Amino acid sequence: MKIISLSALAAAMMLTGCASIVNETTHSLRLETKTSAGDMVSGADCIISNDYGAVNAKSGSIVQIRRSSKDMDIICKMANNPDASARLISRANAGLAGNILIGGGIGAIIDHNKGTAYTYPTWIQMTFGESQVFDRSAEKDGQPVVGTKPAATN
């Protein structure tokens, strides 16, 4: 009887996907805004969007964002300041690698489709008047991700 139960549990875990077990469909983002002079400013109205939809947030807060394999866009507006815009690069997290190694292709496909296999940066500081790109691969514990200028398009 125990063998059947353990087999059923293992099969269910493989069908569910490793990242789905380890990660929620959302994760926290510490969203901050600053002036071009570097002064921190809270309370800007921000719209955060990806392929799952859009949410409103205030800068200076921690907001739950929906995971996705697609990049995320943020625009923050505040009176007497030019808009701040950002693109957050989505990167595969350890859950996807675990799926490929342990769970196989089915779990990886499920987690990719649900977005749970991906993570955005967890702390960003947007600058008014600038368009910036924040890549999770540049994240260092205890520090905001450093924003870069978007690549020029031809």
Side-chain angles (χ1 to χ4, degrees), residues 13 16-154:
M13 286 178 69
T16 305
C18 187
S20 296
I21 294 169
V22 175
N23 296 318
E24 298 289 326
T25 56
T26 63
H27 75 83
S28 298
L29 169 66
R30 183 173 171 181
L31 175 60
E32 298 176 337
T33 49
K34 59 185 178 178
T35 65
S36 58
D39 299 323
M40 299 304 291
V41 180
S42 295
D45 292 312
C46 303
I47 298 174
I48 304 168
S49 61
N50 66 11
D51 57 321
Y52 282 100
V55 295
N56 295 312
K58 295 280 188 187
S59 67
S61 66
I62 295 175
V63 61
Q64 291 297 310
I65 55 175
R66 180 65 164 84
R67 295 176 190 267
S68 172
S69 63
K70 307 288 188 231
D71 295 341
M72 176 172 281
D73 293 311
I74 304 175
I75 295 183
C76 293
K77 299 175 180 280
M78 182 170 236
N80 303 319
N81 287 292
D83 293 353
S85 64
R87 170 149 293 189
L88 278 60
I89 306 299
S90 176
R91 297 286 181 196
N93 57 40
L96 184 60
N99 244 330
I100 293 168
L101 293 174
I102 298 168
I106 293 173
I109 291 168
I110 291 169
D111 290 340
H112 170 77
N113 290 338
K114 287 177 68 177
T116 55
Y118 299 91
T119 306
Y120 295 106
T122 58
W123 182 7
I124 65 167
Q125 294 178 339
M126 298 172 63
T127 304
F128 289 111
E130 292 186 20
S131 179
Q132 298 170 289
V133 175
F134 296 91
D135 193 329
R136 190 180 73 82
S137 65
E139 193 164 76
K140 293 179 176 59
D141 284 343
Q143 298 175 13
V145 173
V146 175
T148 61
K149 296 205 180 295
T153 56
N154 295 340

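Counting begins at 1 with the first residue of the sequence. Since the model is a prediction, treat every value here as computed from it, not as a measurement. Below, all heavy atoms of this structure are taken into account, side chains as well, without hydrogens, waters or symmetry copies.
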- What do the steps show when you test Arg30 against Glu32 for salt bridge (charged side-chain N to carboxylate O under 4.0 Å, His left out), and what is the final call? CA-CA 7 Å; Arg30 183 173 171 181; Glu32 298 176 337; 3.0 Å; yes

- Message: Against Thr119, only a single residue in Glu139, Arg67, Arg91 fulfils side chain to side chain contact (heavy atoms under 4.5 Å, CB included); can you say which?
- Response: Arg67

- Message: Can you give me the closest heavy-atom contact between Ala86 and Phe134, atom names plus distance?
- Response: CB-CE1, 3.6 Å

- Query: What's the spacing between Thr148 OG1 and Arg87 CZ if we round to 0.5 Å?
  - Reply: 12.0 Å

- Item | For Gly147 against Gln132, the heavy-atom pair lying closest together | CA-NE2, 4.2 Å

- Do Gln125 and Thr33 have side-chain N/O donor and acceptor atoms under 3.5 Å apart? no

- Task: Identify the two heavy atoms, one from Ser36 and one from Thr127, that lie closest to each other, and give their separation to 0.1 Å.
- Result: CA-CG2, 3.9 Å

- Message: Does either side chain, that of Ser85 or that of Asp83, offer a donor lying less than 3.5 Å from an acceptor on the other one?
- Response: no

- Task: Step by step, work out the side chain to side chain contact (heavy atoms under 4.5 Å, CB included) result for Met72 and Ile65.
- Result: CA-CA 9 Å; Met72 176 172 281; Ile65 55 175; 3.8 Å; yes

- Item | Where Tyr120 and Lys70 come nearest, the two heavy atoms and their spacing | OH-O, 2.5 Å

- Item | Side-chain heavy atoms of Ile124 within contact of Leu29, under 4.5 Å | yes

- Have a look at Asp51 and tell me which of Ser68, Ser69, Ser90 forms a side-chain hydrogen bond (donor to acceptor under 3.5 Å, both in side chains) with it. Ser68

- Task: Just do the side chain to side chain contact (heavy atoms under 4.5 Å, CB included) check on Arg136 and Val145 with the steps written out, would you?
- Result: CA-CA 7 Å; Arg136 190 180 73 82; Val145 173; over 6 Å; no

Throw together a table of side-chain donor-acceptor distances under 3.5 angstrom for residues 37-47, partners on residues two or more places apart or in other chains.
| from | atom 1 | to | atom 2 | distance (Å) |
| --- | --- | --- | --- | --- |
| Asp45 | OD1 | Lys58 | NZ | 2.3 |

- Roughly how far apart are Ser49 OG and Asn56 CG, rounded to 0.5 Å? 10.5 Å

- Task: Working to the nearest 0.5 Å, report the span between CD1 of Ile74 and CG of Leu31.
- Result: 5.5 Å

- Message: As an exercise, state the distance from CG of Leu88 to CD1 of Ile48, rounded to the nearest 0.5 Å.
- Response: 8.5 Å

- What do the steps show when you test Met78 against Asn80 for side chain to side chain contact (heavy atoms under 4.5 Å, CB included), and what is the final call? CA-CA 6 Å; Met78 182 170 236; Asn80 303 319; over 6 Å; no

- Message: If I take atom CH2 from residue Trp123 and atom CG from residue Asp141, how far apart are they, to the nearest 0.5 angstrom?
- Response: 11.0 Å

